[in-house]
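Counting convention: from 1, in listed order, for ligands and their atoms alike.
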Amino acid sequence: MSETGVPDEVVTACLRAAAAAPSVHNTQPWLFRVGVDAVDVLVDRSRRLAVLDPDGREMLVSIGAAVFNLRVAFGAAGRRTSVRRMPDDADPDLAARVTIGAAGRPARAAQALAAAVPGRHTNRRPFADRRVPFVTMEELRGAAAMEGASLVEIGPELRDGVLALTRTAETRLRSDPAYRAELAAWTTASSVGRDDGLPRHVIGPRGRDGALPLRDLGTGLGPSAGAVEFESDPILLLLFTPGDTPEHWIRAGEALERVWLTATVRGLAVTPMSQLTEISAMRDLLTDSAAHSVPQTVLRIGYPLWPAMASPRRPLAELVVTNPPPASR
Ligand SMILES: Cc1cc2nc3c(=O)[nH]c(=O)nc-3n(C[C@H](O)[C@H](O)[C@H](O)COP(=O)(O)O)c2cc1C
């Protein structure tokens with residue numbers, strides 16, 4: 001990056017961190033363009049889930065998570081960043097421009113979060129029946145707030161309702177042959193020869209009593225391993241943004257990833273359970289326009305009984321584009 005003096009190997013490491021971000025069905029819908037003082041994060045629309053995500057909301061949430069990883073990796077390398085989301089009305093594929101500031105001292109908080117990036121995975125396996133300390137919950141809420149979002153723990157009085165809605169959403173989605181076909185196209189028996197999507201080894205076991213409606217990812221893979229016991233009191237969080245524009249979706253992804261990396265630092269595991277946000281009537285039900293809060297995803301958190309498995313990533317060479325050259329700020 002000629003104008004910033006950031007060495008190429010540092011830029012490469014930051015792009016790798018961005019590419020390690022979570023994305024819906026592991027679609028990795030991002031491309032990166034390195035300019036003289038900024039990295040552009042572009043949308044690869046060929047990777048949008050046409051059935052599940054017709055508006056591209058979850059695609060942009062995924063992009064936001066990559067933007068956050070990019071920010072935190074540059075922060076850990078001693079560079080402040082400033083972000084413009086959807087900066088060019090004429091170019092809707094330019095999701096964010098991350099401009100690199102002057103060199104400074106690496107921020108300790110950014111270093112801790114950046115160090116957590118390689119070990120952050122989706123854990124779809126059982127969690128311990130153990131409460132999360134109040135201070136840690138506060139830290140997670142604070143992480144969301146720093147990104148302009150809010151994270152709300154679903155208390156015992158509402159939890160059964162949210163689980164029931166999620167179960168209904170899951171049944172509705174799965175009853176659609178187009179949904180099942182799309183999911184099957186993104187799930188694979190193994191990651192051999194495939195660097196995106198969900199290989200069988202990342203898909204967790206079935207719950208014994210079906211009480212926890214995690215997304216059933218195994219539809220295209222035939223019979224799964226036997227059923228196991230999951231935690232009896234799952235801890236569920238709802239992530240809200242103050243609006244519902246593409247810019248809010250990107251910010252939701254940044255908040256999701258700050259929360260997720262903070263949880264990782266604290267030894268917590270995370271599973272997004274987004275099904276109810278994918279049925280518009282259910283999303284509307286949980287939207288409070290007067291209070292400016294729109295649900296973007298549901299997260300299950302807890303202390304893992306088993307470690308999560310890593311999912312594959314596309315090589316950087318496929319993600320870095322050079323044309324057309326970035327316009328200057
Ligand atoms: C917007 C979004 C929605 C997601 N929804 C779900 C979900 O409903 N169920 C699930 O098991 N995983 C969900 N995930 C997790 C992705 O499947 C996961 O990030 C991806 O497969 C990459 O794996 P990794 O997180 O282990 O790196 C979601 C991720 C994102 C970013």
Problem - Atom pair CZ (R314) and OG1 (T27), whose distance is rounded to the nearest 0.5 Å - result: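 Atom-to-atom, R314:CZ and T27:OG1 are 9.5 Å apart.
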
Handout entry: Path from I250 to V39 over hydrophobic side-chain contacts below 4.5 Å
Key =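 In one cluster with I250: V39, yes.
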
Can you list the ligand 1 atoms lying under 4.0 Å from a non-hydrogen atom of [X]?
X: H121; result: 26 (O)
X: P22; result: 19 (O), 25 (O), 31 (C)
X: T122; result: 15 (C), 18 (C), 19 (O), 23 (O), 24 (P), 25 (O), 26 (O)
X: N26; result: 20 (C), 21 (O), 22 (C)
X: S62; result: 31 (C)
X: R313; result: 22 (C), 24 (P), 27 (O)

At a 4.0 Å cut-off, with the gap strictly under it, does some heavy atom of [X] reach an atom of ligand 1?
X: V24; answer: yes
X: L198; answer: yes
X: R120; answer: yes
X: A65; answer: no

Exercise for the section: Report yes or no: is the cationic atom of R194 (NZ for Lys, CZ for Arg) closer than 6.0 Å to the six-membered ring centre of W186, at no more than 45° off its axis? Expected result: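 That pair qualifies as a cation-pi contact.
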
Problem - NZ/NE/NH1/NH2 to OD/OE distance under 4.0 Å, R251 and E147 - result: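 Result for this pair is no, no salt bridge flagged.
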
Exercise for the section: Let me know which of L305, T271, I235 forms a side chain to side chain contact (heavy atoms under 4.5 Å, CB included) with F127. Expected result: T271

Handout entry: With sequence neighbours excluded, residues passing side chain to side chain contact (heavy atoms under 4.5 Å, CB included) with P177
Key = R180

Fill in the blank from the handout: Residues passing the side chain to side chain contact (heavy atoms under 4.5 Å, CB included) test with S274, sequence neighbours excluded, are E58, R215, P272, T277, E278, T297

Exercise for the section: Answer yes or no: does atom CZ of R16 have more than 12 heavy-atom neighbours from other residues, nucleotides or ligands under 6.0 Å? Expected result: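 No, the 6.0 Å shell around CZ holds no more than 12 heavy atoms from other groups.
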
Can you tell me which residue and heavy atom of the protein come closest to [atom], and the distance to 0.1 Å?
atom: atom 14 (N) of ligand 1; answer: P272 CG, 3.5 Å
atom: atom 12 (N) of ligand 1; answer: R124 NH2, 3.4 Å
atom: atom 16 (C) of ligand 1; answer: S23 O, 3.2 Å
atom: atom 3 (C) of ligand 1; answer: S274 OG, 3.2 Å
atom: atom 1 (C) of ligand 1; answer: V61 CG1, 3.7 Å

Handout entry: V11 and T4, any side-chain heavy atoms less than 4.5 Å apart
Key =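 Counting from C-beta outward, T4 and V11 never come under 4.5 Å.
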
Fill in the blank from the handout: Between I63 and P29, the two heavy atoms sitting closest are CD1-O, 3.3 Å

Exercise for the section: Kindly identify the option in E58, R215, M59, E278 whose heavy atom sits closest to atom 8 (O) of ligand 1. Expected result: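 Residue with the shortest heavy-atom distance to the ligand atom: R215.
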
Practice task
Answer side chain, backbone, both or neither: which part of R300 comes under 4.0 Å from ligand 1, heavy atoms only.
Solution key: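 Contact part for R300 vs ligand 1: neither.
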
Problem - Side chain, backbone, both or neither: S311 near ligand 1, heavy atoms under 4.0 Å - result: side chain

Exercise for the section: Please answer whether the main-chain N or O of P312 pairs with a side-chain N or O of D195 as donor and acceptor at a distance below 3.5 Å. Expected result: no

